[in-house]
2 protein chains.
Amino acid sequence: MQDKITQVFKAIADPTRRDIFHALVIASAALSISQISNQFDITRQGITKHIKTLEEAGLVHIESKGRERFCNVNTNPLKELNKWLKFYEQFWDDSLEDLGNYLDTKNP
Amino acid sequence: MQDKITQVFKAIADPTRRDIFHALVIASAALSISQISNQFDITRQGITKHIKTLEEAGLVHIESKGRERFCNVNTNPLKELNKWLKFYEQFWDDSLEDLGNYLDTKNP
DNA sequence: TTAATACGCAACTAATTGGTTGCTAAATTA
DNA sequence: TAATTTAGCAACCAATTAGTTGCGTATTAA
């Protein structure tokens, strides 16, 4: 099994999954599998597989209600990616504004 | 062909490539293919393939000198990932994350 | 009670991935 | 000049991925 951060990176490395994830975030409500697949050109089963990947990365949490399964989004695992990126931020060659932001986070 | 941000996400989604990338960053000098492969347990050809992926994502730039090929790292493409994450930052929930950490320590 | 809906599971496929070995060519060193 | 080092290329392989179709089952609606 891969480590957590790899799971999250791989989950969002796929453009379709990023789209599903985004759809869930802007919906600001739990969406059923069918509701999601209606928005995409791939089959419901294809969506289910993507959802499972997102779920395993902790980006989606599923709640069953009757015959439906509602997908709740959770953006928190993205914090790990942010933390990973943070280290390399110091090597970006950038404008003074961004350097300022960096120094602010270093010296709050 | 995939779009740029997908290329960058996929490049760093692989743990070996993250390690190679990290090795290049902390080396703060260009490393040859052999110098890199000496640090890993996979073959030189394996490393070459990973380097190519990183190169196509813009995270590595190669400079030939004699029979050697030196890999220069470039962290700038990571800015795109940061920008992508930025949008979802507003949905992060600090208390839930703390609860998650708490549960992790309770159930390791 | 029957029909429709929402979904999971399994099997299958084609393409991609991460890795290997074997070979060749160019550049450097002895 | 001969041997060694650095590296690319091609072929191959096993595992994974992104997607499909077909079918069975539970839940809801008519």
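Below, read A as the first sequence line, B as the second, and so on, with proteins coming before strands; counting in each chain starts at 1. These numbers were taken from a predicted model, which means no experiment stands behind them.
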Interatomic distance, Q35(A) CD vs dA6(C) P [rounded to whole Å]: 9 Å
Taking atom types as they are modelled, would you say the side chain of R67(A) forms a donor-acceptor pair with the base of dT27(D) within the 3.5 Å cutoff? yes
Please verify the inter-ring angle class for H22(B) with F87(A); under 30° counts as parallel, over 60° as perpendicular, anything in between as tilted. tilted
Report the distance from atom CG of D14(B) to atom P of dT16(C), rounded to the nearest whole Å. 17 Å
Looking only at atom types and distance, does a side-chain atom of T6(A) sit under 3.5 Å from a main-chain N or O of Q2(A), one as donor and one as acceptor? no
Does R18(B) use its side chain to pair, donor to acceptor, with the backbone of I12(B) at less than 3.5 Å? yes
Does T43(B) place a side-chain N or O at less than 4.0 Å from the phosphate oxygens OP1/OP2 of dT20(C)? yes
Can you tell me the distance, in whole Å, between the CG atom of D19(B) and the P atom of dG19(C)? 11 Å
Could you go through nucleotides 11-13 of chain C and list every protein N or O atom that sits under 3.5 Å from one of its N or O atoms, giving the distance for each pair?
none

Pick base, sugar-phosphate or nothing for S34(B), based on heavy-atom distances below 4.0 Å to the nucleic acid. sugar-phosphate
What integer distance in Å separates I36(B):CD1 from dT5(D):C1'? 17 Å
So, does Q7(B) use its side chain to make a donor-acceptor pair with the main chain of K4(B) at under 3.5 Å? no
Hey, which sits more toward the 5' end of DNA chain D by its nearest nucleotide, K10(B) or Q45(B)? Q45(B)
Nearest whole Å is fine: how far is dA7(D) P from E68(B) CD? 5 Å
Donor-acceptor contact present, side-chain T53(B) to main-chain A11(B), <3.5 Å: no
Flag, side chain of N72(B) to backbone of H61(B), donor-acceptor distance under 3.5 Å: yes
I33(B) CD1 to dA25(C) P, in whole Å, measures 21 Å
Pick the closest DNA chain C nucleotide for R44(B) and for T48(A) by heavy atoms, then say which residue is nearer the 5' end. T48(A)
Hey, is the side chain of H50(B) poking within less than 4.0 Å of OP1 or OP2 on dG19(C), counting only N and O atoms? yes
Is T53(B) touching bases, backbone alone, or none of the nucleic acid, heavy atoms closer than 4.0 Å? nothing
Any carboxylate oxygen within less than 4.0 angstrom of a Lys/Arg side-chain nitrogen, looking at K83(B) and E80(B)? yes
How many whole angstroms separate atom NZ of K65(A) from atom C1' of dA26(D)? 18 Å
By nearest-nucleotide position on DNA chain D, the 5'-leaning member of Q2(A) and G66(A) is Q2(A)
Can you measure I42(A) atom CD1 to dT21(D) atom P for me and round it to whole angstrom units? 12 Å
Remember a base hit wins even if backbone is also touched, and classify G46(A) as base, sugar-phosphate or nothing at under 4.0 Å, heavy atoms. base
